Amino acid sequence: MSSVETLTENPVAVSGDHFVEVNYDDRIPNNVALSSDKQLQRALETWRPKYLDWWNDMGPEGFQESSVYLRTAVGVDPSGWAKFGFVKMPEYRWGVLLAPKIEGRTIPFGRHKGETAWQEVPGEYRATLRRLLVVQGDTEPASVEQQRYLGATAPSLYDMRNLFQVNVEEGRHLWAIVYLLVKYFGKDGREEAQALLERCSGQEDNPRILGAFNERTPDWLSFFMFTFFTDRDGKMQLAALAESGFDPLSRTCRFMLTEEAHHMFVGETGVQRTIEATCAAMNRAGIKDPNDVEAVRKLGVVDLPLLQRKANFHISVTRDLFGSEISSNAAETFSSGLKGRFNEANLKDDHVLADATYPVMRVADGKIVEEQIPALRAINARLLDDYIADCQGGVDRWNKVIEKAGIAFKFVQPHKGFNRKIGEFAGCRISPAGELLTEDQRLAQSGAWLPNDDDMRFIDSLMNPCREPGKYASWIAPPRVGINNQPGDFEYVKIY
Ligand code: BYC
């Protein structure tokens, strides 16, 4: 998906797709002819009330009775697959939506390259595929749990609605993965579907599987950074899974990608609007120096160095989600045809990679070096590099806003090794600029590189709700256009 698409409210279908109408007459909306598979229908209908219990317990706190202007997929053509209307979140029509089948599709990579794509799970890959699905599925409810308290401090009704839209769509992504587990993995799949509702973000005895999904999302800056940086990991991973030789997974992920675009739009524009409010306030007050933090904060806006520190945190934690740069797990999921690379079809190599190499950055003899590694074992490293490149588009657009305002400040992505807990740089002390540090040097600077206590207190002081239609908190500028072109004073959430 191009960066332009991340800036549109209505995601566009992946090219070549033709959307199939969704059946909303069934209790579970779907475009997979659910009513013709009674066993599956029964299994999903048994899971549904447990999902709703989870949503009521762990979903957006305090707004379950509110009417929210939400988009629901109706699955028509690329220009009009969404319908907008007021819905109470627990009544949202979560369902199972797959991109249409491509007749004659073959496996695009790995040792089975060129064979007909699988419609059933190959026995020898069952355990690996199940693990991939569970890891992917686990992130979806986790993010809803992480964001559940944010409604109370929304800087506007527009932003509150966007939060809830992201939340219901993450709920739908859980449905997407649960469909695959229940349909293709029998009793094991049903047990995994249940466990997905039982693990809980941040909980000590039963946490979510991946690190970033146990971090807190305590404020709206975190939410925007998360939806820009962490949802973009979702985009990259889903794009890699969309290449899968297991066709139902490929079709599921192709549709999920269209929804993911909106989440990144919320993140990118959220940060951008925060920057706009800061630059405008600085210019009005005649403050030229972005490092005059005290003066900037007095204006009720977020200083740019603080935003950089927030970005540093979310970027580094999200990079860990790519796993170890050098990974035999990733080599096997690629070779077996289960998980490809980003943009696999457009890559100009043999898609088997038996003899290819890939440059991987690592620490050797006290220096950061680049080494050629067998490409199969560097699949995660490559996806991480693609991710970093994909992030840069949004960072450049943020910098344009600052440049246009005439303020001398530029956001940069920290060095790949900064603040890493997984992979080649785990345990290394590396500055955002890429210098290897002693522990004393790292400690002396950490408050300058990651959000410090003072930052968090200041952000907290800004997180006051703004619920009058058309009004925005001091620290964030209004959006350029409303959702579905609604007017500026539209009441996106009717709070009861
Ligand atoms: N935290 O060889 P390794 C999204 C585990 S986001 C904790 O290094 P591998 C979304 C790993 O599981 C996208 N544990 O890596 C965004 C393995 O454990 P097991 C989510 C970690 O296996 C926003 C061991 O370390 N989807 O959709 O090549 C909102 C050694 O693994 C971490 C996916 O990730 C970590 N950070 O790759 C909502 C796609 N990293 O198996 C949603 C599916 C690694 O030995 N998952 N470990 O017990 C995968 O493709 C792979 O599992 C990973 C890891 C890329 C995550």
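Quantities reported herein were computed from a predicted structural model and do not represent experimental measurements. Only heavy atoms go into these numbers, but all of them, side chains included; no hydrogens, no water, no symmetry mates. Whatever order the structure lists ligands and atoms in, that order sets their numbers, starting from 1.
Partners of Glu140 under the salt bridge (charged side-chain N to carboxylate O under 4.0 Å, His left out) rule, at least two apart in sequence or in another chain, do not exist in this structure. With sequence neighbours excluded, no residue forms a side chain to side chain donor-acceptor pair (under 3.5 Å) with Ser336.
Put simply, the side chain of Ser431 does not reach to within 4.5 Å of the side chain of Phe418, judged on heavy atoms.
Under the 3.5 Å distance criterion, with hydrogens and angles disregarded, a donor-acceptor pair is assigned to the side chains of Lys310 and Ser222.
Ligand 1 is surrounded by Arg131, Leu132, Val135, Gln136, Thr139, Glu140, Ser143, Glu170, Ile209, Leu210, Gly211, Phe213, Phe226, Thr230, Asp231, Asp233, Gly234, Gln237, Asp320, Leu321, Phe322, Gly323, Ser324, Ser327, Asn329, Ala330, Lys339, Asn380, Ile422, each with at least one heavy atom closer than 4.0 Å.
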List the atom pairs, with distances to 0.1 Å, where a side-chain N or O of residues 314-323 and a protein N or O form a donor-acceptor pair under 3.5 Å, not counting sequence neighbours.
{"from": "Ser316", "atom 1": "OG", "to": "Asn312", "atom 2": "O", "distance (Å)": "2.8"}
{"from": "Ser316", "atom 1": "OG", "to": "Phe313", "atom 2": "O", "distance (Å)": "3.1"}
{"from": "Ser316", "atom 1": "OG", "to": "Asn419", "atom 2": "ND2", "distance (Å)": "3.0"}
{"from": "Thr318", "atom 1": "OG1", "to": "Thr230", "atom 2": "OG1", "distance (Å)": "2.8"}
{"from": "Thr318", "atom 1": "OG1", "to": "His314", "atom 2": "O", "distance (Å)": "2.6"}
{"from": "Arg319", "atom 1": "NH1", "to": "Pro414", "atom 2": "O", "distance (Å)": "2.9"}
{"from": "Arg319", "atom 1": "NH1", "to": "His415", "atom 2": "O", "distance (Å)": "3.0"}
{"from": "Arg319", "atom 1": "NH2", "to": "Gln413", "atom 2": "OE1", "distance (Å)": "3.3"}
{"from": "Arg319", "atom 1": "NH2", "to": "Pro414", "atom 2": "O", "distance (Å)": "3.1"}
{"from": "Asp320", "atom 1": "OD1", "to": "Arg420", "atom 2": "NE", "distance (Å)": "2.6"}
{"from": "Asp320", "atom 1": "OD1", "to": "Arg420", "atom 2": "NH2", "distance (Å)": "3.4"}
{"from": "Asp320", "atom 1": "OD1", "to": "Lys421", "atom 2": "N", "distance (Å)": "3.3"}
{"from": "Asp320", "atom 1": "OD1", "to": "Ile422", "atom 2": "N", "distance (Å)": "3.2"}
{"from": "Asp320", "atom 1": "OD2", "to": "Lys421", "atom 2": "N", "distance (Å)": "3.0"}

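A salt bridge links Arg208 and Glu145; the closest N-O separation between the charged side-chain nitrogens and carboxylate oxygens is under 4.0 Å.
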